[in-house]
Number of protein chains: 2
Amino acid sequence: MQKQMGRAKITIKWIPRDTSGNMTFMKRKKGLKKKVEELSILCGVEVCMVCFGPQMDQQTASDHPHVWPGKSKALEIVERYRSLSKEEQENKKLDNSSFLEQRIKKLKVELSIKRKENRELEMESVYPWDSCLNFFTDEQLKDLVDYIDIRLETVYDRINFLSRHEREIYNGVESDMVGFCSF
Amino acid sequence: MQKQMGRAKITIKWIPRDTSGNMTFMKRKKGLKKKVEELSILCGVEVCMVCFGPQMDQQTASDHPHVWPGKSKALEIVERYRSLSKEEQENKKLDNSSFLEQRIKKLKVELSIKRKENRELEMESVYPWDSCLNFFTDEQLKDLVDYIDIRLETVYDRINFLSRHEREIYNGVESDMVGFCSF
DNA sequence: GGCGCTATTTATAAGTC
DNA sequence: TGACTTATAAATAGCGC
């Protein structure tokens, strides 16, 4: 019967660290480094890898560490990762969701500011001016009301816009709102 | 002419991130994760990987990060690596060279101590005792000289041993000195 | 972006030196 | 440990959907 030359199929499970196990580690680590390097070059991405050598046995601590593509670069990449916010670290869709989340926050703040402004405008338009109405001619009052209406319209438009987009963003609809938010 | 179906040979160089480049990144990242996982299982080692997605273009920051085998485990492994001393981080042959370096330090200290002891012994054997010589019989003096000779021999042996191994270690010769250093 | 296909290239398990 | 060999398992480039 012929011996099994060449690559035999193996199942992926723990190989005790005898000679062959160690051989496997060495070979595969080498192959892995090559693949990491290829990915890095092909796609121009920052990749790093940290790997501790296999344990001799259950008592002995594991072997020395292997890092790719080198200590400083690896730590730099990890530091870049660590410096990200929890959301940025966790969410796969960083470029979308994080951006939108920040946008939502900004819009909420703007919205509350505008609502407050609006309340103030409404207050001003109703109460304090009441006592001053006698100082104006009818013509002036008409102009004033027109002016107020226009102002209110603008304010309501703004409220509507913000509300609408707040809803759209919550629904995950990315409208082409970017660049349209200048009042 | 037949189209190139199946795997074509590629040279490892930067692929701009158009559709195919992105495809390559996705496929290879998937393959890489698989290989990392296999290494981890086969050899029972701690491996982690951090990879930032490819840049859209030179202006845009690169994509969201990919970590393996997951945020917390990856950071744990990196932390373990960071907690190592500089020597342990740098040296590939931690188990050898770092061990030997520490051994060298110890040997140097021992050597200087022994040299000092030796000097002191020589001093003691020559000067202070001179004035005491009259207190001893010839027989006693003979024993004393023998004793001193034996002591000196031991000391010189030790110096020779230390010097020899100091030289061997510097020359990178790993003799089977471990376990032989008990005086 | 993902999945399937397929021809090829690569990676590599086992063995030898 | 490392280098080379061999036969075979896996990964994957280039397409199409």
Side-chain angles (χ1 to χ4, degrees), chain A residues 1-45 47 49 51 53-54 56 63-64 66 68 91-97 99 172 174, chain B residues 1-45 47 49 51-56 60 62-66 68 91-97 99-100 172-176 178:
Chain A
M1 177 180 157
Q2 190 186 339
K3 267 187 276 189
Q4 167 66 48
M5 281 291 284
R7 181 170 188 173
K9 181 166 183 174
I10 58 163
T11 51
I12 303 298
K13 62 175 289 193
W14 154 262
I15 304 171
R17 197 206 166 151
D18 52 9
T19 317
S20 78
N22 199 35
M23 182 68 89
T24 296
F25 176 68
M26 287 307 189
K27 279 190 176 180
R28 279 180 174 262
K29 182 168 64 64
K30 189 181 164 191
L32 201 52
K33 279 189 179 178
K34 191 182 173 192
K35 286 226 168 282
V36 171
E37 189 172 9
E38 285 181 354
L39 180 68
S40 151
I41 294 173
L42 279 172
C43 306
V45 297
V47 206
M49 206 175 79
C51 173
M56 294 296 200
D63 218 329
H64 52 275
H66 310 259
W68 196 94
N91 287 312
K92 301 226 169 253
K93 294 285 180 183
L94 166 68
D95 43 351
N96 276 341
S97 68
F99 171 74
E174 283 181 58
Chain B
M1 176 180 158
Q2 192 186 338
K3 266 187 280 187
Q4 167 67 45
M5 280 292 284
R7 180 170 187 174
K9 180 166 185 174
I10 58 162
T11 51
I12 304 298
K13 63 176 290 194
W14 155 261
I15 305 172
R17 196 207 165 147
D18 51 11
T19 317
S20 78
N22 199 35
M23 181 72 86
T24 295
F25 175 67
M26 285 309 187
K27 280 188 174 180
R28 278 180 173 263
K29 181 168 65 64
K30 189 181 163 190
L32 200 53
K33 280 189 179 179
K34 190 181 174 192
K35 285 226 166 284
V36 172
E37 188 173 8
E38 285 181 355
L39 181 69
S40 152
I41 294 173
L42 280 171
C43 306
V45 297
V47 206
M49 204 176 80
C51 172
F52 283 89
Q55 293 192 306
M56 294 296 199
T60 317
S62 63
D63 218 328
H64 52 274
H66 310 258
W68 194 93
N91 287 312
K92 300 226 170 252
K93 294 284 182 184
L94 167 65
D95 43 351
N96 278 340
S97 68
F99 171 74
L100 286 183
V173 179
E174 286 179 57
S175 61
D176 50 351
V178 184

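Just so it is clear: chains get the letters A, B, ... in the order the sequence lines come, proteins before strands, and each one is counted from 1. Note that the structure is predicted; figures quoted are calculated from it, not measured. Heavy atoms only: backbone and side chains are in, while hydrogens, waters and symmetry mates are out.
Whole-Å rounding puts the B:Met23 CE to D:dG14 P distance at 11 Å. Here C:dT10 presents its C1' atom at 11 Å from CD1 of B:Ile12, a figure rounded to the nearest Å. The interatomic distance linking A:Glu37 (CD) with C:dT10 (P) rounds to 15 Å, in whole Å. Going from atom NZ of A:Lys33 over to atom P of C:dA11 covers 15 Å, rounded to whole Å. Distance A:Leu39 CG to C:dA11 P: 13 Å, rounded to the nearest Å. Residue B:Lys13 contributes atom NZ, which lies 17 Å from atom C1' of D:dA13 at whole-angstrom precision. B:Ile10 has its CD1 atom 16 Å from the P atom of D:dA11, to the nearest Å.
Taking 3.5 Å as the limit, the base of D:dA11 and the side chain of A:Lys35 contain no donor-acceptor pair of atoms between them. With hydrogens and angles ignored, a donor-acceptor pair closer than 3.5 Å exists between the side chain of B:Arg7 and the base of D:dA11. Side-chain to base pairing of B:Lys27 with D:dG14: one donor and one acceptor N or O lie within less than 3.5 Å of each other. For B:Lys34 and D:dA11, a side-chain-to-base donor-acceptor distance below 3.5 Å is absent, hydrogens and geometry of angles not being considered.
A:Met26 comes within 4.0 angstrom of sugar-phosphate atoms only, judged by non-hydrogen atoms across all strands, and of no base.
Mapping A:Arg28 and B:Lys30 onto DNA chain C by nearest heavy atom places B:Lys30 closer to the 5' end of the strand. Remark on DNA chain D: of its neighbouring residues A:Asn22 and A:Lys9, the 5'-side contact belongs to A:Asn22, judged by nearest-heavy-atom nucleotide. Remark on DNA chain C: of its neighbouring residues B:Phe25 and A:Glu38, the 5'-side contact belongs to B:Phe25, judged by nearest-heavy-atom nucleotide.
With hydrogens and angles disregarded, a donor-acceptor distance shorter than 3.5 Å links the side chain of A:Thr24 to the backbone of A:Ser20.
A heavy-atom distance below 4.5 Å is not found between the side chains of A:Ile15 and A:Asn22. At least one side-chain heavy atom of B:Phe25 sits less than 4.5 Å from a side-chain heavy atom of B:Cys51. Looking only at side-chain heavy atoms (C-beta outward), B:Lys34 and B:Glu38 come within less than 4.5 Å of each other.
With rounding to the nearest 0.5 angstrom, the CD atom of B:Glu37 is 10.5 Å from the CG atom of B:Leu42.
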